[in-house]
Amino acid sequence: MGNLLEHVGIEKERVHFSWISSAEATKFVDVVKKITEKVRALGPNKKLKKQYN
Amino acid sequence: MHTYTEKIQNLAKDVLKQGKAEMVIGFKQGTIPMAANPFVAKNENDADNLIWSSTCGLNLANYLPGIKKCEGKIGIIAKGCDSRNIVTHIVENKIDREKLYIIGLPCTGMVDKKQIALLFDDEITQFSEEGNTLIVKSETKEEKINKQEYLRSNCKTCTHRNPVIYDELVSDLVEEQIIEDQFADVKKIEAMSSEEKWDFFDKLTEDCIRCYACRNACPLCYCPTCFVDESGPQWVGKGQNTDDIKTFHYLRAYHCAGRCTDCGACEEACPMDIKVRNFTRKLNKDSLELFNWEAGLDISQRPPLDTYQPDDPDDFIM
Ligand code: SF4
Ligand code: SF4
């Protein structure tokens, strides 16, 4: 899934996959923090954003 | 006439006469040169219309799921890639092996019709072949060209020209090609930056008119309602918005993951000459590299997307 997205030009750091159980609250927080950091570093996404005008 | 044509006609007649199958799916000559139309021969007279040539580039496995009424077996002419899509149908429980009578056809490659048409300013009026030489005529000129130079791009890198499953063969098996680098084209895209990749696929799909011929020609696309045609929910916009066009292409490709045989029918059918295999070939490369999998080689093997192995690659999971 991620590989083809990367292949068509979506930055690798923008899409993340994880496996978190409903009992793993701290893991969830950690992963979300990490992802937010990575995506923030990339700046806003301009791709696949539909323009309505 | 192609040397296979007579053999196919005789085999099909024999199959129909002896009741080995109720019908034989093959090709007949289309209304213009270089057009080969899928055709179902139901009796010996019909079988006289069957032909073979290097223009039979569509994938006949595509027509199997549509055949609803057939008491006996369905006969089908299958070149290498068609046979792999037949295997995929069997593996996906679309059809029983026992329901089929497969006439295997060792293939020497199909030609790129659009590339040949570019040699002419006017319309092509005649096409014939003698072994490796293609003789193409228009009102104003005649070209004798080497078939090897005009092969479709998927046929150039094909390593499964011989059918992988059959009940009978049209001729002796042919020698398989040895391809040094199967995925040079994919690697070229992989080496690009994200921006370059984005622009490459923008350019690739800019002429797409969303006729869905690529989807319709593909044996893998047999869902009763395709996601692009659904309206509740509407997964993807229906207009010519570039993001919608690309979304269609991404999702079409994902649905082919681990299933695509690189048969080239999608590109063959595209009226806008869009090289849609650029999407599926990345998935084919990943299937091979990550799961050592090529689609449709063996009816006893389950595809990677419906099996779990403890050692499946999982380094993408955070
Ligand atoms: S066949 Fe070509 S033009 Fe039609 S939807 Fe597919 S890529 Fe687009
Ligand atoms: S996606 Fe194209 S190359 Fe792959 S199986 Fe379908 S028609 Fe053939």
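Chain naming here is simple, since letters A, B, ... match the order of the sequence lines and numbering starts at 1 in each.
- Only the backbone of B:Asn278 comes within contact range of chain A, with heavy atoms under 4.5 Å apart.
- A side-chain donor from one of B:Arg210 and B:Tyr212 sits under 3.5 Å from a side-chain acceptor of the other.
- The candidate with the highest count of non-hydrogen atom pairs below 4.5 Å against chain A, out of B:Glu195, B:Lys246, B:Lys197, is B:Lys197.
- Most heavy-atom pairs under 4.5 Å with chain A, from the set B:Glu196, B:Lys282, B:His249: that is B:Lys282.
- B:Glu176 and B:Asn162 are linked by a side-chain donor-acceptor pair at a separation below 3.5 angstrom, with hydrogens and angles left out of the test.
- Partner of B:His160 under the side-chain hydrogen bond (donor to acceptor under 3.5 Å, both in side chains) criterion, out of B:Arg84, B:Glu294, B:Gln177: B:Glu294 alone.
- When each of A:His16, A:Glu11, A:Lys27, A:Lys47 is scored by its heavy-atom pairs under 4.5 Å with chain B, the top score falls to A:Lys47.
- For B:Phe279, the parts lying under 4.5 angstrom from a heavy atom of chain A are both the backbone and the side chain.
- B:Leu204 does not touch chain A: none of its heavy atoms, backbone or side chain, sits under 4.5 Å away.
- In this structure, the portions of B:Tyr250 lying under 4.5 Å from any heavy atom of chain A include both its backbone and its side chain.
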Fill in: Stepwise side chain to side chain donor-acceptor pair (under 3.5 Å) test for B:Asn85 and B:Asn59
CA-CA 8 Å; B:Asn85 281 96; B:Asn59 190 327; 2.8 Å; yes

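- Between the side chains of B:Asp286 and A:Asn3, a donor-acceptor pair is found at a separation under 3.5 Å.
- Sparse packing is recorded around NZ of A:Lys34, with 12 or fewer heavy atoms of other residues, nucleotides or ligands lying under 6.0 Å away.
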